[in-house]
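Have a look at the structure below before the remarks.
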Amino acid sequence: MAVTDFDRRMMAAAIRYSYRHLGRTGTNPSVSTLIVQTAGDVPVIVGRGLTALGGRPHAETQAIAEAGDLARGATAYVSLEPCAHHGSTPPCAEGLIRAGIARVVSGTTDPDPRVSGRGYAMLRDAGVVVEEDVLADQARRALAGYLTRRVANRPHISLKLALSRDAKIGRRGAGQVAITGAQSGAMTHIARAASDAILVGIGTVLEDNPSLTCRLPGLENRSPIRVVLDRTLRLPMDSALVRSAVDVPLIVATTTDPDDERYRQLLGAGCRMMACDENAGKIALPEMMDDLAGQGVSTVIVEGGAAVASSFLEAGLVDRVDLYEGPVTIGPDGVDAPVTPARMAKDFTLAGTSQFGDDLLRIYERTG
Ligand SMILES: NC(=O)c1ccc[n+]([C@@H]2O[C@H](COP(=O)([O-])OP(=O)(O)OC[C@H]3O[C@@H](n4cnc5c(N)ncnc54)[C@H](OP(=O)(O)O)[C@@H]3O)[C@@H](O)[C@H]2O)c1
């Protein structure tokens, strides 16, 4: 049986649904399952499942439970290949077989060596029809953090910058310069809510004194871990970051010795100190990203500033760039944007644009 337009519609719905728990499923991916049963000529969603908060139970288990007997002979739409190994729960592929699912339509293959291809094989061996890679690009985008961490052993890294019309990102000594409007601000906070970590350099902290929390009504408890790159611990004790460190985790990435007085003060204020390697007078980013992945961080948003953004780009560590362009002009004394639409590295392609009020968002994805 070939993949139909209806299959693609259902897969698109499943992928959209999977975004609901993004950033909230621990080291497990946020996966979704929709079970569709056809009664007469009418297809009906009889079971829905989403990786639960913290990562267990898996999406398939919940969808099967909701569908009950109606799962028999139905099609299951799964955004990721069902697992095939016995972990703390039995394999989801086995659960689908036992429930009598006749056909599985999958978004993308799981690169986990315990699963990869085996989930599909287990299903086919039991007579279940399997369609692979349906809307695979969209499924991979939704699972980017999990896939990058599995394949590259580091988090998926998005660089987010707000650019003025004259390609500046701020003005020295002026604090936080308003470049974009309220709608772009809300989008930024939505992205924070779905991310595991948000990272800036100490230059941005000293200039802007940001909180880096998610402050959208109803999503206040969805702030990611904040990370600041601060080799020599210039982070002020009265900064918004340190003052909120007890409530929202703050990692201070540093090369400073733990015996240092400021190190102890920051630790006492609730900061998590992260010992980093140094490379050419800067924090060594690849090693640091490895360490973050080891702590279960799958997605990082780099929110500046200029020096940190350049370092991540030069190290080849950026997977996606979100450039918001606002209507303001900053002038020649502004801080030059490290990257602009006209100066985008050739291994990035424009993946989409959106308009938010007066601001234009351009999203670039790494293709190379
Ligand atoms: N429009 C926007 O989207 C946006 C966003 C954020 C910031 N900004 C603006 O950007 C400006 C600040 O940019 P900035 O370049 O001065 O500061 P920055 O990039 O935020 O921080 C740079 C500092 O981070 C530390 N660092 C540690 N490891 C590093 C590494 N591997 N690579 C680079 N830096 C590393 C260094 O200080 P140590 O050596 O002391 O550790 C370095 O001086 C402000 O004007 C701010 O308003 C704009």
Side-chain angles (χ1 to χ4, degrees), residues 154 157-181 184-185 187-189 191-192 198-212 226-236 239-241 251-257 260 262-263 266 271 273-292 300-318 321-341 356 359-363:
R154 66 161 174 81
I157 300 168
S158 302
L159 171 63
K160 180 255 156 186
L161 286 172
L163 268 59
S164 61
R165 274 280 142 74
D166 52 344
K168 309 288 180 188
I169 63 163
R171 189 185 289 116
R172 300 251 177 244
Q176 232 173 82
V177 179
I179 296 176
T180 50
S184 300
M187 290 310 296
T188 303
H189 282 242
R192 287 179 183 177
I198 176 170
L199 180 149
V200 294
I202 184 64
T204 295
V205 179
L206 297 176
E207 190 70 52
D208 300 354
N209 192 23
S211 300
L212 304 178
R226 290 105 30 100
V227 183
V228 55
L229 302 186
D230 184 14
R231 251 176 354 108
T232 58
L233 300 187
R234 292 186 280 154
L235 182 60
S239 59
L241 286 178
I251 293 179
V252 182
T254 187
T255 56
T256 302
D257 198 276
D260 182 272
R262 176 54 73 89
Y263 189 109
L266 289 169
C271 302
M273 308 303 284
M274 184 174 185
C276 292
D277 295 337
E278 195 167 315
N279 183 12
K282 290 174 178 174
I283 284 174
L285 297 178
E287 291 79 359
M288 187 197 161
M289 291 302 111
D290 273 10
D291 288 351
L292 279 181
V300 174
I301 301 175
V302 175
E303 278 206 23
V308 164
S310 298
S311 288
F312 270 90
L313 286 164
E314 280 159 22
L317 285 170
V318 178
V321 181
D322 285 12
L323 285 187
Y324 286 86
E325 187 182 315
V328 300
T329 302
I330 290 186
D333 59 335
V335 179
D336 286 329
V339 66
T340 67
F356 299 111
D359 310 328
L360 177 66
L361 166 64
R362 295 181 180 89
I363 298 172

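The first residue of the sequence shown is numbered 1, and numbering continues consecutively from there. Remember, it's 1-based here, ligands and their atoms both numbered in the order they're listed. The figures that follow rest on heavy atoms only: side chains count, while hydrogens, waters and symmetry mates do not.
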Would G305 count as a polar contact of ligand 1, with the cut-off being nitrogen or oxygen pairs under 3.5 Å?
yes
Any heavy atom of E207 under 4.0 Å from ligand 1? The part involved is side chain
Logged contact type for E303 with ligand 1, heavy-atom cut-off 4.0 Å, is backbone
Okay, side chain of N279, backbone of K282: is any donor-acceptor separation there less than 3.5 Å? no
- Item | Ion pair check, R171 and D333, cut-off under 4.0 Å | yes
Nearest non-hydrogen contact to atom 13 (O) of ligand 1 from the set G203, G334, S164, A306 belongs to A306
From the list T188, L159, L161, side-chain contact (heavy atoms from CB on, under 4.5 Å) with E303 holds only for T188
- request: Please confirm whether G170 comes within less than 3.5 Å of ligand 1 when only nitrogen or oxygen atoms on both sides are compared.
  value: no
So for L285 against ligand 1, with non-hydrogen atoms under 4.0 Å, the contacting part is side chain
request  = Give yes if a backbone or side-chain nitrogen or oxygen of A162 is under 3.5 Å from a nitrogen or oxygen of ligand 1, and no if not.
outcome  = yes
Report yes if A309 has an N/O atom closer than 3.5 Å to an N/O atom of ligand 1; otherwise report no. no
The atoms of ligand 1 lying under 4.0 Å from a heavy atom of G201, numbered in the order shown, are 18 (P), 20 (O), 21 (O), 24 (O)
The protein heavy atom nearest to atom 33 (C) of ligand 1 is S311 OG, 3.2 Å
Ranked by distance from atom 38 (P) of ligand 1, the top protein heavy atom is R234 NH2, 3.7 Å
* Any N or O of G281 closer than 3.5 Å to N or O of ligand 1 -> no
Ranked by distance from atom 34 (N) of ligand 1, the top protein heavy atom is V308 CG2, 3.6 Å
State whether the shortest distance between N or O atoms of I169 and N or O atoms of ligand 1 falls below 3.5 angstrom.
yes
Out of V177, V302, I283, the nearest non-hydrogen contact to atom 28 (N) of ligand 1 is supplied by I283
Distance-only N or O hit between ligand 1 and K282, under 3.5 Å
no
